[in-house]
Structures are given as structure tokens and as C-alpha cells.
Amino acid sequence: LRSVIGPGFITGASDDDPSGIGTYASIGAAQGFGVLWLAPLTLPLMAAVQLICARIGLVTGEGIAGVLRQNYPRWVRVPAIAALVVANTINAGVDIGAIAAGVNLLVPVPAAALTLPIGLLILALQILGSYRLIARVFTWLTLALLTYVGAAFLARPDWGEVLRGTLLPSVSLDGDFLMALVAVLGTTISPYLFFWQASEEVEEEISAGRETVAARAGATEGELRAAAWDVGAGMAFSNLVMYFIILASAATLHASGQRTIASAAEAAHALAPLAGRAAEALFAIGIIGAGMLAVPVLTGSAAYAVAEGGGWRSGLSTRPRDAKVFYGVIITSTLVGMLIDFSPLDTITALYWTAVLNGLLAPPLLILVLLIANNRAVMGDRTNSRTLNLLGWVTTVAMSAAALGLLWSWR
């Protein structure tokens, strides 16, 4: 398994974090099978975007924030990085709380008592573990997401309705549907994944002995082809999981009239009387595995963005004393995130608006990514193909239209 899973697969799996699971479950509960078409629709879009980011990392030997620092003015990168850090910190905090809630569904230990140990365990893995150890742990955590496929089958859906919802798009222009659409796009094509993908390609090269930017610069056709297969597999896996989460909640919660779900843990608990304890347990295990994978990706991508954007050393393969800013962001983001779980802040509302913020932040970041990927001064002769450009701009236009539609619905 480890021989075929790379940064792209891990990135795809981390996209299905507990907040994403909660978003997909709530949409399945509210909209039913009619939104299943979103999974196959978003697959080529997110695959193209992540492949573009992977190519930037492979060709330049740097992460996206590092490329922005060298080629674009400060006023462009600083607001984007600041918004990313805020959104990721909130997301990470809620995901830590979701892990605790998932454990609570399996063992009778209060979720509040689990939050601090879980957060410290994740920090210890990132600070004390080598990059190779972290990559191996991430590889196995991706398997937890397969539990959602099992949960969907245990829900005994009407497969005729499933097929209809998959192949026949159902679209509404009301505010609730548009907000849900932006939240799905913001959760699926998330800005933090752009930074993480490029930076992890760099980490892979560093672990192979290419420690300087000059040594990493450039990429062979074979490396780019391998990245395309890796990213494609990761995004297909991510969307498969998304599809079955929506399916499971539509088959049970929507069908029974329970149209409102506040979190992934609530969705798991609600499955028990409708699809049995096995479905609840599978959903809970998925929450735990997904959260343990996603939280380091969220805090890590924020740390990459800040450190690379400021020109400081970064990387999970770097010792903490040699990359103080990088690890300082990881620690701060994790601790502030945990504080959110103990604050009076409505974390579910904050999380939903974080997904919407990601949906609004993604279009300008996508434009920057596409400008970088087509800049010959940066990419040399490895600029985007026509197909990648087409899919990249279609994604940008689609996310911009959804965001503008949401803003229009608020008028």
C-alpha cells in the first residue's frame, strides 16, 4: 500500500475531515439523493487543481507561498495567508472536538475529557515524529475512510433513487441550496489543500536527499506522470468517500424526516436507530481516523504558508529548533483550536462559516495558482497543458459563480 500512496492520495483523504463529513452528512440529510451528482462533478475539477499544485512543487522545488513570496507583492500573499491561518485554526479545533465526540460514541468517556489528550497526541506526532513516520501514519489513517462505504450499504438505500440522484442534477437557486453548494465546494476544493499538496511534494524530494531548492528544481516526465496518477487516485478516493457519506445520510436521515444535522458525530449517532449500531460504529471510526489525518494537514498547511511566505525554514523533515516559526504556527494553531472547543463559541456555526469562507477565498487563490502555473519564468517549459488550464479555469469560474450567487442571495 505504501508503495503506491503518495502526497496526492494523502491530500485527497485529508479532504474528508470531520468538518467535511459533517457538511456532507448535513447536505445529504437536507437535500437527499438529489445532490449525489456533486461528487462526480467535482472530481475532475479538484483533481486538476491539485495536480497543478503538485506540479508547482515538483518543478520549482518550493511550496506555493514560497513562490508567491518571490514573484508577487506582499499585499497579494499576506491577506491570503492570514485568511488561510484563521480558517484552518477554527477547522482544526472543531476537528479535534469531533475526534473526541467520535471516541465518545464508542467508549463511555466524556468528549471534553478527551480533547486535550487528543490534541497533545497530534502535536507530539508532528513535532517528535520524522517525516517518514508521519507519512506512514497518514497512509494507514486513509483506510479509516472506507468505513463510510460500509455505513452506506448498511443504510439499505433505494438504488434506483441513488442512480437518479447521481445522473440527473437537481439545482435550486434559493439561499439554502446556494450556501450548501458553496460550503461543499469550499470543503472539497479547499485552499489549505493547495498549499499542502505543493509543500508535500517538496518534502518527498527532501526525504530523497534533495535538500536545496537548486537540487529540487525541475521535474522529469516520469515524475510528473507519477504525480498525476497519485493525485488522480487521491481525489477519486476523496470523492468516493464524499459520495457515500451523502448517500448514507440521505438514505436514513432525509428518508426519515430528520433534515437537520449539526455535526459528524450527531450524524453517526442518528444512524443507530435507522441503520443499526454497526453503521453508527463505522461512521464513528471514520470520524476518528479522518480527524487524526486532517488536523495535522490543517495546522501543517498553515505553518507551510506562514514560514514559506516569510522566507523562514519549514518542513516536517526539519528539526523544531531549526524551524521555530514553522513549528510555532503548528503549536499555536493546535492550541488555539483546542481552546475553541472549550469556549462558548458555537463551533458548528463557526465551522459552517469557515467552509463558506473557504469557498469565497478559493477563487482568488485559484487565479494566483493558475498564473504561477503558466508563468514561464517560474515553470520553464513545464507550464500547464491546455486541458489543465481549461479545467483550472472552469473550476475558478464555477466557484466564483457559486460565491457570487450566495452573495446575491444575501442582498
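On a predicted model such as this, the values are computed, not experimentally measured, just so you know.
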* Between Trp159 and Phe153, how do the two ring planes meet: parallel, tilted or perpendicular, split at 30° and 60°? -> tilted
* Hey, are the side chains of Thr387 and Leu391 touching, using non-hydrogen atoms and a 4.5 Å cut-off? -> yes
* Hey, mind stepping through Met235 and Phe9 against side-chain contact (heavy atoms from CB on, under 4.5 Å) and telling me if it holds? -> CA-CA 7 Å; Met235 299 310 119; Phe9 198 95; over 6 Å; no
* How far does OG1 of Thr395 sit from CG of Leu390, to the nearest 0.5 angstrom? -> 9.0 Å
* So, do Ile118 and Met292 sit near enough that their side-chain heavy atoms are less than 4.5 Å apart? -> yes
* Asked: Given side chains that start at C-beta, do those of Leu51 and Leu224 come closer than 4.5 Å, heavy atoms only?
  -> no
* To do: Kindly indicate whether the side chain of Cys53, heavy atoms from C-beta on, has any atom under 4.5 Å from the side chain of Val369.
  => yes
* Using atom types as modelled and distance alone, determine if a side-chain donor or acceptor of Thr396 lies under 3.5 Å from a backbone N or O of Gly392. => yes
* Asked: Are any of the side-chain heavy atoms of Ile122 and Thr334 separated by less than 4.5 Å?
  -> no
* To do: Calculate, to the nearest 0.5 Å, the distance between atoms CD and CD belonging to Glu204 and Glu223 respectively.
  => 11.5 Å
* Could you check if a side-chain atom of Ile372 sits within less than 4.5 angstrom of a side-chain atom of Asn71, using non-hydrogen atoms only? => no
* Intermediate values then yes/no, side-chain contact (heavy atoms from CB on, under 4.5 Å), Asn374 and Met379 -> CA-CA 7 Å; Asn374 287 286; Met379 299 291 288; over 6 Å; no
* Asked: After noting the C-alpha distance and the side-chain angles of Lys324 and Trp312, does the key distance pass the side-chain contact (heavy atoms from CB on, under 4.5 Å) rule?
  -> CA-CA 9 Å; Lys324 293 184 176 65; Trp312 296 293; over 6 Å; no
* Compare every heavy atom of Ala152 with every heavy atom of Phe244, then report the nearest pair and how far apart it is. => CD2-CB, 3.4 Å
* Sub-3.5 Å donor-acceptor pair from the side chain of Arg376 to the main-chain atoms of Thr383, do we have one? -> no
* Test item: Asn384 and Arg55 side chains (from C-beta on) under 4.5 Å apart, heavy atoms -> yes
* Go through the side-chain N and O atoms of Thr166 and Tyr243 and say whether any donor and acceptor fall under 3.5 Å apart. => yes
* Looking at residues at least two apart in the chain, or sitting in another chain, which of them share a side-chain hydrogen bond (donor to acceptor under 3.5 Å, both in side chains) with Thr115? -> none
* Structure fact -> Distance col, row Leu120:CG vs Ile331:CD1, nearest 0.5 angstrom, shows 10.5 Å
* Can you check side-chain contact (heavy atoms from CB on, under 4.5 Å) on Glu62 and Arg69, steps first, answer last? -> CA-CA 11 Å; Glu62 293 188 279; Arg69 176 175 57 83; 4.2 Å; yes
* What is the distance from atom OG1 of Thr11 to atom CG of Leu193, rounded to the nearest 0.5 Å? -> 6.5 Å
* Asked: Is Val231 close to Gln197 at the side-chain level, that is, under 4.5 Å between some pair of heavy atoms?
  -> yes
* To do: Determine whether the side chains of Asn88 and Ser301 contain a donor N or O and an acceptor N or O closer than 3.5 Å.
  => yes
* **Interatomic distance, Ile56 atom CD1 to Ile64 atom CD1 [nearest 0.5 angstrom]** => 5.0 Å
* Structure fact -> Looking only at heavy atoms, the pair that brings Ala302 and Leu84 closest together is CA-CD2, 4.5 Å
* To do: Over all heavy atoms of both residues, which pair between Pro157 and Leu247 is shortest? Give the atoms and the distance, please.
  => CG-CD2, 3.5 Å
* For residues Glu200 and Tyr304, is any side-chain donor paired with an opposing acceptor at under 3.5 Å? -> yes
* Taking Ser199 for the side chain and Trp196 for the main chain, is one N or O donor matched with an acceptor at less than 3.5 Å? -> no
* About how many Å separate CG of Asn104 and CD1 of Ile288, when rounded to the nearest 0.5 Å? -> 10.0 Å
* To do: Applying side chain to side chain contact (heavy atoms under 4.5 Å, CB included) between Leu335 and each of Leu123, Ile330, Thr299, report the one that passes.
  => Leu123
* Structure fact -> Thr318 and Ala323 have their tightest heavy-atom pair at CG2-CB, 3.8 Å
* To do: Provide the closest heavy-atom pair for Glu308 versus Ser314 in the form atom of the first, atom of the second, distance.
  => CG-OG, 3.8 Å
Could you pull out every donor-acceptor pair under 3.5 Å between side chains of residues 33-47 and any protein atom, sequence neighbours left out?
unit_1, atom_1, unit_2, atom_2, d
Trp37, NE1, Gly34, O, 2.8
Trp37, NE1, Ser170, O, 3.4
Thr42, OG1, Leu38, O, 2.9
Thr42, OG1, Ala39, O, 3.2
Thr42, OG1, Asn239, ND2, 2.9

* To do: Might you point out which heavy atoms bring Phe194 and Gln50 nearest each other, and give the distance in Å?
  => CD2-OE1, 3.5 Å
